[in-house]
Chemist: 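One structure follows; several queries about it will come next.
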There are 2 protein chains.
Amino acid sequence: MKDVAARAGVGLKTVSRVVNGEPGVTVETERRVQEAIDSLGFRRNDSARVLRKGRTASIGLVLEDLADPFYGPLSRAVEEVARAHGALLINGSSAEDPEREQELALALCARRVDGLIVIPAGDDHRYLEPEIKAGVATVFVDRPAGRIDADAVLSDSFGGSRAGVAHLIAHGHRRIGFIGDQPRIHTATERLRGYRTAMEDAELPVAPSWVALGSTAPEAVRDAVVDMVAGPEPVTALFAGNNRVTVTALRALADHQQRIALVGFDDLELADLLHITVIAQDAAALGRTAAERLFRRLDGIDDRPAQVTLKTTLIPRGSGEIPPGTIH
Amino acid sequence: MKDVAARAGVGLKTVSRVVNGEPGVTVETERRVQEAIDSLGFRRNDSARVLRKGRTASIGLVLEDLADPFYGPLSRAVEEVARAHGALLINGSSAEDPEREQELALALCARRVDGLIVIPAGDDHRYLEPEIKAGVATVFVDRPAGRIDADAVLSDSFGGSRAGVAHLIAHGHRRIGFIGDQPRIHTATERLRGYRTAMEDAELPVAPSWVALGSTAPEAVRDAVVDMVAGPEPVTALFAGNNRVTVTALRALADHQQRIALVGFDDLELADLLHITVIAQDAAALGRTAAERLFRRLDGIDDRPAQVTLKTTLIPRGSGEIPPGTIH
DNA sequence: ATGAAAGCGCTAACAA
DNA sequence: TTGTTAGCGCTTTCAT
């Protein structure tokens, strides 16, 4: 910038004005400055600008895994809102590791992102308290924050799985299995609660062998499926706790003689062609809502932290409507 | 940092040494500084650090659409490599709009990212020349750069679709349709070229009505499919130019009386359960290779720009092995 | 082992 | 309309 000023024969501030489109520069001066800019190939250094202004015009997004088809649309939705506000998006994957989540979130804070959107891997977010106090707007998505009071945008996991399980019951099932993620993950326990409530609503017992909570790695889910359909009290229907579970369960069920009904939490691409009944949550809406909340805070609207819950949708496509006892 | 120094009763530089783990500080002094840091909740401001050091420890990724299941894994792979090098990832979607690509890429350069990975939307990247000269390492992925000499990591679109179409021919098809993306997109024309070459190899004619290049919006693809299977010279097989086309084509073919063979470029989740034969490219490998190349450059290894092409894999699963004339 | 001073490139505040 | 000065928070250089 100094060089540009020298070459155009003007002061530093005049260049700054031209670069930022501020008023108070004659057309002629502007032309000279512009010429100098072009010939020197100058481009403003935003790092310096950030240091001076105190705002980085960027927000951070800590999610679980960008490669998961659930988080792609969520991230994209956040990006669109950020873009509308002139901000860039830095994102990182925690790989469901609380330490990595913390490391990432703090690294983003050190970069002085204006705001932070976090999909929690851990269940204790007190480490963010000083940052939030220092002015980093923070919104949690998909799962609530642990041990601090903060904004959160969630899907109705409880209501969704309750409706999904009720749907299976309505189609005649009495023995229904539930396969979900680690119990330390909030959505997993909420969905399990929905399952149990739906069973209670129908006054149905739940055998311990019908519930599997834990790793959603393919082998683990496959084992759980096999146990449930082949055990002494074999289930006639399954509720899959998330998209990964649904996919693996479908593969495991593909060559089972008995047709097992299935409702999965989360929609999948091609689920329509495979006739999979799902409880769909709107990942993009989740991201959009969270980002909008964040920017409201950045715009100075400072209401109390609140929790927003988005509805889920039951989409019947066939797999959830198979009656018990159907053969392939 | 000033405050920390004051509170610990030491000089600014000493605090800096402690914060950065530099040697030359007594244990006792370090303890005092650390205490001040903790009680003040101090965290280094990386913006200032960046300004001083000239390196941001961040790289930019401009891709087409983070919500597209092809780019999620790619982005994640880039992130992992970046993380291994202590860098953060800023990413943005061009939405296949050349102007938006440029805007994003230049915004990232203004932030002084150390390197840039670009999945081109446009076909003229001369606008990046000054940045590259100024030291921003740049690698193009999925599609080559336009009008400049730069690193590129690509999948073998030509060879992949040639193999896919040859596979259909080997299963008895003579009238094969091709549906692909806009011709200005490099991969689209390469894949078309692969199709034409495979047809020529087998000395088969190609009717103009068998080729549709253009928007991959569902309606457009659906129309193309309907035209091809119902025209005067109806095709018995289709080659789908990318994942979106495959999905829409499958939906359009689902209720057609004749079974149409299909091979799609790009693998899909659940493609195994739907028995879809595909030409798979390894999105993660694409991202990893590009990122590794980028960091090699950042490490000072400065060989000439080169183009790397990754192999594709034909995965036969059923849809590509349907003989002509099969009825549902 | 420790610290003082200069300066990275920009913008805010003020002056001319 | 234009320019000057100070300083954002850190690291680098050079003294001590």
Side-chain angles (χ1 to χ4, degrees), chain A residues 1-37 40-58 86 106-107 109-114 130-131 134-136, chain B residues 1-37 40-58 86 106-107 109-114 130-131 134-136:
Chain A
M1 199 172 231
K2 219 170 43 190
D3 300 345
V4 175
R7 172 148 186 153
V10 300
L12 213 54
K13 180 64 202 178
T14 304
V15 180
S16 173
R17 288 201 179 90
V18 172
V19 169
N20 296 301
E22 285 166 30
V25 183
T26 35
V27 199
E28 163 56 14
T29 319
E30 173 161 2
R31 201 196 45 70
R32 280 221 322 283
V33 172
Q34 197 52 254
E35 201 175 271
I37 287 176
L40 265 60
F42 166 82
R43 201 150 286 143
R44 184 181 65 199
N45 182 331
D46 278 358
S47 300
R49 174 169 228 250
V50 154
L51 181 59
R52 190 61 241 241
K53 301 203 81 151
R55 277 219 171 179
T56 55
S58 61
L106 291 179
C109 290
R111 300 275 168 125
R112 297 295 189 269
V113 291
D114 298 332
E131 310 293 340
V136 181
Chain B
M1 199 171 231
K2 219 171 40 189
D3 302 344
V4 174
R7 172 148 188 153
V10 300
L12 213 53
K13 179 63 206 177
T14 303
V15 179
S16 173
R17 286 200 180 91
V18 172
V19 169
N20 296 300
E22 286 166 29
V25 184
T26 36
V27 198
E28 163 57 15
T29 317
E30 172 160 2
R31 200 195 45 71
R32 281 222 321 283
V33 171
Q34 198 52 253
E35 201 174 272
I37 287 177
L40 266 59
F42 167 83
R43 201 149 285 142
R44 185 181 63 198
N45 182 332
D46 279 357
S47 299
R49 174 168 226 248
V50 153
L51 179 59
R52 192 61 240 244
K53 301 203 81 150
R55 274 217 171 179
T56 56
S58 62
L106 291 180
C109 290
R111 299 275 168 124
R112 296 295 188 268
V113 291
D114 297 333
E131 310 293 340
V136 181

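Quick note on labels: first sequence line is chain A, next is B, and so on, each numbered from 1. Values below: every heavy atom of this structure, side chains too, minus hydrogens, waters and symmetry copies.
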Chemist: Determine the sole option in Leu12(B), Val18(B), Val19(B) for which the side-chain contact (heavy atoms from CB on, under 4.5 Å) test with Val15(B) is passed.
Modeler: Val19(B)
Chemist: At what angle, to 10 degrees, do the two end axes of the helix from dA1(C)-dT16(D) to dA16(C)-dT1(D) meet, given five pairs define each axis?
Modeler: 40°
Chemist: May I have the distance from Arg49(B) (atom CZ) to dG9(D) (atom C1'), rounded to whole angstrom?
Modeler: 12 Å
Chemist: Walk along DNA chain C from 5' to 3' and tell me the first and last nucleotide with an atom closer than 4.0 Å to a non-hydrogen atom of chain A.
Modeler: dG9(C) to dA13(C)
Chemist: When the nearest nucleotide of DNA chain C is assigned to Val25(B) and to Arg112(B) on a heavy-atom basis, which residue is associated with the more 5' position?
Modeler: Val25(B)
Chemist: Please enumerate all residues that pass side-chain hydrogen bond (donor to acceptor under 3.5 Å, both in side chains) together with Glu35(B), with sequence neighbours excluded.
Modeler: Arg31(B)
Chemist: Are any protein N/O atoms closer than 3.5 Å to N/O atoms in nucleotides 6-8 of chain D? If there are, list each pair with its distance.
Modeler:
from   : atom 1 : to       : atom 2 : distance (Å)
dG7(D) : N2     : Arg52(A) : NH1    : 3.0
dG7(D) : N3     : Arg52(A) : NH1    : 3.3

Chemist: Measure across Val25(B) and Thr14(B) and return the closest heavy-atom pair with its distance rounded to 0.1 Å.
Modeler: CG1-CG2, 4.3 Å
Chemist: Is Val10(A) touching bases, backbone alone, or none of the nucleic acid, heavy atoms closer than 4.0 Å?
Modeler: sugar-phosphate
Chemist: For Val50(B), give me all partners under side-chain contact (heavy atoms from CB on, under 4.5 Å), at least two apart in sequence or on another chain.
Modeler: Ser47(A), Thr56(B)
Chemist: For a quick check of understanding: with a heavy-atom distance under 4.0 Å over all strands, which category does Arg17(A) fall into, base, sugar-phosphate or nothing?
Modeler: base
Chemist: How do Gly24(A) and Lys13(A) order along DNA chain D: which one's closest nucleotide is nearer the 5' end?
Modeler: Gly24(A)
Chemist: At under 4.0 Å between heavy atoms, what does Asp46(B) touch on the DNA or RNA strands: base, sugar-phosphate, or nothing?
Modeler: nothing
Chemist: OP1 or OP2 of dT2(D) less than 4.0 angstrom from a side-chain nitrogen or oxygen of Thr29(A), does that happen here?
Modeler: yes
Chemist: For the atom pair CZ (Arg112(B)) and CZ (Arg44(A)), what is the distance rounded to the nearest 0.5 Å?
Modeler: 10.0 Å
Chemist: As an exercise, state the distance from CE of Met1(B) to CG of Leu40(B), rounded to the nearest 0.5 Å.
Modeler: 12.5 Å
Chemist: When rounded to the nearest 0.5 angstrom, what is the spacing between CZ in Arg49(A) and CG in Asn20(A)?
Modeler: 4.5 Å
Chemist: Send over the distance from Glu22(A) CD to dT1(D) C1', rounded to a whole Å.
Modeler: 13 Å
Chemist: With a cut-off of less than 4.0 Å, is there a side-chain N or O of Thr14(A) near OP1 or OP2 of dG3(D)?
Modeler: yes
Chemist: Roughly, in whole Å, what's the span from CG in Asp3(B) to C1' in dG9(D)?
Modeler: 11 Å
Chemist: Can you run down the salt bridge (charged side-chain N to carboxylate O under 4.0 Å, His left out) pairs that involve residues 5-17 of chain B, sequence neighbours left out, and say none if there aren't any?
Modeler: Lys13(B)-Glu22(B)
Chemist: Excluding sequence neighbours, so at least two apart, what forms side-chain contact (heavy atoms from CB on, under 4.5 Å) with Arg111(A)?
Modeler: Asp46(B), Ala57(B), Ser58(B), Leu88(B)
